[in-house]
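For reference, the structure is listed below as structure tokens.
This is a predicted model, so every value here is computed, not measured. When reading the values below, keep in mind they use all heavy atoms of this one structure, side chains included, and skip hydrogens, waters and symmetry mates.
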Amino acid sequence: MTQTKKKPSGIEGQELGNKKDFKAPAPEDVAEEVKPNDGMYFQCESTAGRYYKRENGDEKDGIYFVKTGVDPDRKEKISDLIEVLYTYCNRWKSDSGRSVKFKNRYGDTVTLNLSDAQDLNVPSAVRRLLLDRCFRIEERSPNKQGSLADYLLNMKAPRKQLVRKTGWTQTNEGQYYFVRPDKVIGDGDNQEIVYDPNSEEPTTSSRNGNLKDWQERISKYAPYSSRIAFAMSAEFSAPLLQLTGWLGNQLFHFVGTSSCGKSTALEMASTIEGDLKGGKLPTWDTRKGGLENSCLDANDGIFFLDEIGSSDKGKEIPGWIYTISNGMGTARANSNMTAKTRKTWRLLGLSTGEMGLAEIGLMYKVTIHTGQQVRLANIPADVGAGYGIFEAIPSEFENSFQFVEYLKAERAKNNGHALDVYLESLVALRNENEQALSHFIDSKVKEFVEANTVTQYHPQIKRVCRSFGLVAVGGALASGAFNNYLGAGNITTWKDGGNDWRKSDAWRCAQTCFKAWLNDHGNPYNSNEEDTFIEEVISILTSQRNRFIGLQEPCTVSNLIGWFDNGCYLIPAESYRTNILKGKSLKSSNEILKKRGLLENQGKRKLIRPLSLGGKDIQVRALVIPQESD
């Protein structure tokens, strides 16, 4: 094709001194002579004009535009070829966009998702995004009305359902699918689901080797360590969280000295899902915004956090525990001051560290609440058998070091297949009868709790035990302990227990880890908050004994708390609230003190007449330290 231009001499100018100032030709005076059907195919039309596609296999291939009112043969190329694969929006018919495909200047095929509101509504934003991916766009005059953004917005394409996070999703027809970073699992037309994460660098999954090699070289060795088998069971259990409805997020924290193998447990668990990015576990060295994005990427799955001591934000870790377990990110505002949609997630977390949350609190001088301690359940990594996290070593290995080196080498070679097989059966079973599946899981979790707790245990203990029970159920499902309930047989090659799943490896290892947590936690009959409160009260009474005087002694103490008489600490109401309760609830605190035998019945010594008050009666609370003598 050739170009034709109007000659400057044919355009009249204005006399300026001895020179003429000739106007440049208008943009519409420059056009390409293209025959009407010379490989051109009409694509769409907008108020600005009409768009065409040309593909003949030469450098003139691309998208062309002709402005309304201009000769249709005079088309201007605006970019290389680009195709709209499909449009998308979420279940609520919002957050719309479209997926495009093109070849960059190096010949590589690129796909890109563009938001209608954030990208295509701003032509310069589309240009920047495409240029950043080496797409060729023609330089054009600013007064041309056509644009690539206008073309993409007006192109018709099939519509798909948008999903912004991994995990369970449901179509408008009620069909369930499970979204993984690189695929959508479920029967039927799952190509109608498109996953587009909010993160610019989403978590990716890669698969190496095959399922059989994973079973023979990694999975079969897991029962040699209750900690490894428990961590791997957690991978199979996380997708069950939504099916229970009454279980919240839970983190399990393997605590132990350096090189005891605690990180190995997490690495072996990662082989179920896929190879770790860069072969490294994510660490606690993060910020809250990054933490929330990572939680979102791990929705309905496992969240790894290695080495709690690596964080330089130790004071913030206790608050992060609540953030992760509550499953909701921080409320934030858009640029127009309207509320952004909060990030939400469901997950189980696996963490490691040489210290637990209590030690973190002491180190950074922050208060650790019982709610945080039960949400980050400490499991001692060393099982006490002399092999770190292993109860025994397979006969083919000389020592635990050789065994660990073998597992680490195999981890990179065989991974990423077991979870796909498991989820395919789980998704099919949920679509077949969701109610029956949920009831089955709930009944098995309750069975685990009843077998490992007693009625008198504090509700906090039972709450954590339910999470351990869910891990047991997930591991049992994957090992075929319920008569191949998922129809997938023994994915893990672990002992299934026959007719009694209590004899399975999944039950045994979850039970062993729960008992280890319970021993580390302390008295299961009382809340840790109660124990801490009682310790604080006794500490105040004993360490500040000099702030109590006898009833018949003159008051010589400027910061008097109360009086001491016959083994009783007699404290006025205002001092009781300020110095003893320190802002805690009066009613609940009194109930705890009465239950533990520190607060006397108020009928015995309700009024006193100390010398220091000149014979005036005063109402007090009477506290007694059990078994303390005068």
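- Summarising the geometry of Trp507 relative to Arg502, their closest heavy-atom pair is CD1-O, 3.3 Å, with the distance given to 0.1 Å.
- In this structure, CZ in Arg342 is found 5.5 Å from CE in Met328, a value given to the nearest 0.5 Å.
- The closest side-chain heavy-atom distance from Asp297 to Phe303 is not below 4.5 Å.
- In this structure, Lys262 does not pair ionically with Asp382, as no charged nitrogen and carboxylate oxygen lie closer than 4.0 Å.
- Residues Val374 and Gln250 share a closest heavy-atom pair of O-NE2, 3.0 Å.
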Problem - Arg207/Asp182 under side-chain contact (heavy atoms from CB on, under 4.5 Å): CA gap, chis, key distance, verdict - result: CA-CA 11 Å; Arg207 296 164 181 80; Asp182 60 342; 2.3 Å; yes
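- Under 4.0 Å is where a charged nitrogen must lie from a carboxylate oxygen, and between Asp300 and Lys165 no such pair does.
- In this structure, CG in Asn378 is found 12.5 Å from CG in Asn519, a value given to the nearest 0.5 Å.
- In terms of heavy atoms, Ala269 sits closest to Ala231 at CB-O, 3.5 Å.
- Between atom CZ of residue Phe254 and atom SG of residue Cys260 there is a gap of 10.5 Å, rounded to the nearest 0.5 Å.
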Exercise for the section: Just do the side-chain contact (heavy atoms from CB on, under 4.5 Å) check on Asn208 and Asn414 with the steps written out, would you? Expected result: CA-CA 5 Å; Asn208 298 292; Asn414 299 287; over 6 Å; no
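- Close placement of the Tyr221 and Tyr406 rings is indicated, their centers lying within 6.0 Å of each other.
- You'll find the side chain of Ile228 reaches within 4.5 Å of the side chain of Phe390, heavy atoms only.
- Under the 3.5 Å distance criterion, the side-chain polar atoms of Ser311 are left unmatched by any main-chain donor or acceptor of Ile308.
- Defined by atom type and a distance below 3.5 Å, a donor-acceptor pair is present between the side-chain atoms of Asn590 and Tyr576.
- With hydrogens and angles disregarded, a donor-acceptor distance shorter than 3.5 Å links the side chain of His417 to the backbone of Gly209.
- Under the 3.5 Å distance criterion, the side-chain polar atoms of Thr352 are matched with a main-chain donor or acceptor of Glu307.
- Residue-environment remark: CD (Glu398) stays at or below the threshold of 12 foreign heavy atoms within 6.0 Å.
- Of the inter-residue distances, the one linking Arg375 atom CZ with Thr323 atom OG1 reads 11.0 Å to the nearest 0.5 angstrom.
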Exercise for the section: Evaluate the side-chain contact (heavy atoms from CB on, under 4.5 Å) criterion for residues Asp420 and Lys183: first the C-alpha distance (whole Å), next the side-chain angles of each, then the deciding distance (0.1 Å), finally the verdict. Expected result: CA-CA 10 Å; Asp420 286 350; Lys183 67 190 299 186; 3.5 Å; yes
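- You'll find the side chain of Ile317 reaches within 4.5 Å of the side chain of Leu357, heavy atoms only.
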Practice task
Kindly indicate, with the supporting measurements, whether the criterion side-chain hydrogen bond (donor to acceptor under 3.5 Å, both in side chains) is fulfilled by Thr166 and Asn299.
Solution key: CA-CA 6 Å; Thr166 59; Asn299 183 58; 5.2 Å; no
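- Formation of a donor-acceptor pair under 3.5 Å by the Ser225 side chain with backbone atoms of Ile389 is found in this model.
- For the residue pair Thr330 / Glu292, a side-chain donor-acceptor distance below 3.5 Å is found, with atom types taken as modelled.
- Counted within 6.0 Å of NZ on Lys595, heavy atoms from surrounding residues, nucleotides or ligands total more than 12; the atom is thus considered enclosed.
- Between Arg180 and Val184 there is no side-chain heavy-atom pair separated by less than 4.5 Å.
- Between the side chain of Gln373 and the main chain of His521, no donor-acceptor pair closer than 3.5 Å is present.
- Aromatic pair Phe236/Tyr422: ring centres closer than 6.0 Å.
- Trp168 contributes no side-chain N or O that, together with a main-chain N or O of Val179, makes up a donor-acceptor pair within less than 3.5 Å.
- Environment of CG in Asp500: crowded, with over 12 heavy atoms of neighbouring residues, nucleotides or ligands closer than 6.0 Å.
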Handout entry: From CA spacing to verdict: side-chain contact (heavy atoms from CB on, under 4.5 Å), Tyr569, Leu598
Key = CA-CA 10 Å; Tyr569 295 85; Leu598 272 76; over 6 Å; no
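- Side-chain atoms of Glu354 and Thr257 form no donor-acceptor pair, as typed in the model, at a separation below 3.5 Å.
- A 4.5 Å side-chain heavy-atom check between Trp501 and Leu477 finds every atom pair outside the cut-off.
- Under the 4.0 Å criterion applied to side-chain N and carboxylate O atoms, Glu447 and Lys444 are assigned as salt-bridge partners.
- Of all heavy-atom pairs spanning Val255 and His253, the tightest one is CG2-CD2, 3.1 Å.
- Although no hydrogens or angles enter the test, the distance criterion places no donor-acceptor pair under 3.5 Å between the side chain of Asp496 and the main chain of Ser504.
- Between Ser233 and Ala506, the closest heavy-atom pair is OG-CB, 4.4 Å.
- One finds the CG atom of Leu348 at 12.0 Å from the CD1 atom of Ile324 (value rounded to the nearest 0.5 Å).
- Not a single donor-acceptor pair under 3.5 Å links the side chain of Ser438 to the backbone N or O of Gln435.
- Checked for salt-bridge contact, Lys584 and Glu536 meet the test: a charged N lies under 4.0 Å from a carboxylate O.
- Checked against a 6.0 Å centroid threshold, the rings of Phe468 and Phe448 do not count as neighbours.
- Note on Lys313 versus Asp285: no salt bridge recorded, every NZ/NE/NH1/NH2 to OD/OE distance being 4.0 Å or above.
- The residues Glu316 and Arg287 are annotated as not salt-bridged, no charged nitrogen and carboxylate oxygen being separated by less than 4.0 angstrom.
- Panel note: side chain Ser589, backbone Leu586; no donor-acceptor pair is recorded below 3.5 Å.
- Taking the side chain as every heavy atom from C-beta outward, Leu599 and Leu623 approach each other to under 4.5 Å.
- Inter-residue side-chain proximity for Arg430 and Gln242 is flagged as met; some heavy-atom pair is nearer than 4.5 Å.
- In the displayed structure, Arg463 atom CZ is contacted under 6.0 Å by more than 12 heavy atoms of other residues, nucleotides or ligands.
- Between Gln372 and Pro318, the shortest heavy-atom distance links the atoms NE2-O, 3.1 Å.
- With 3.5 Å as the limit, one finds a donor-acceptor pair spanning the side chains of Asn293 and Lys343.
- Using a 4.5 Å heavy-atom cutoff, the side chains of Pro394 and Tyr224 are in contact.
- Side-chain atoms of Asn490 come within 3.5 Å of backbone N or O of Ser479 as a donor-acceptor pair.
- Annotation: the span from Thr271 atom OG1 to Arg217 atom CZ amounts to 13.5 Å, rounded to 0.5 Å.
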Handout entry: Stepwise side-chain hydrogen bond (donor to acceptor under 3.5 Å, both in side chains) test for Asp442 and Trp246
Key = CA-CA 9 Å; Asp442 287 345; Trp246 51 281; 2.6 Å; yes
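- Counting heavy atoms of neighbouring residues, nucleotides and ligands inside a 6.0 Å radius, atom OH of Tyr322 exceeds 12 of them.
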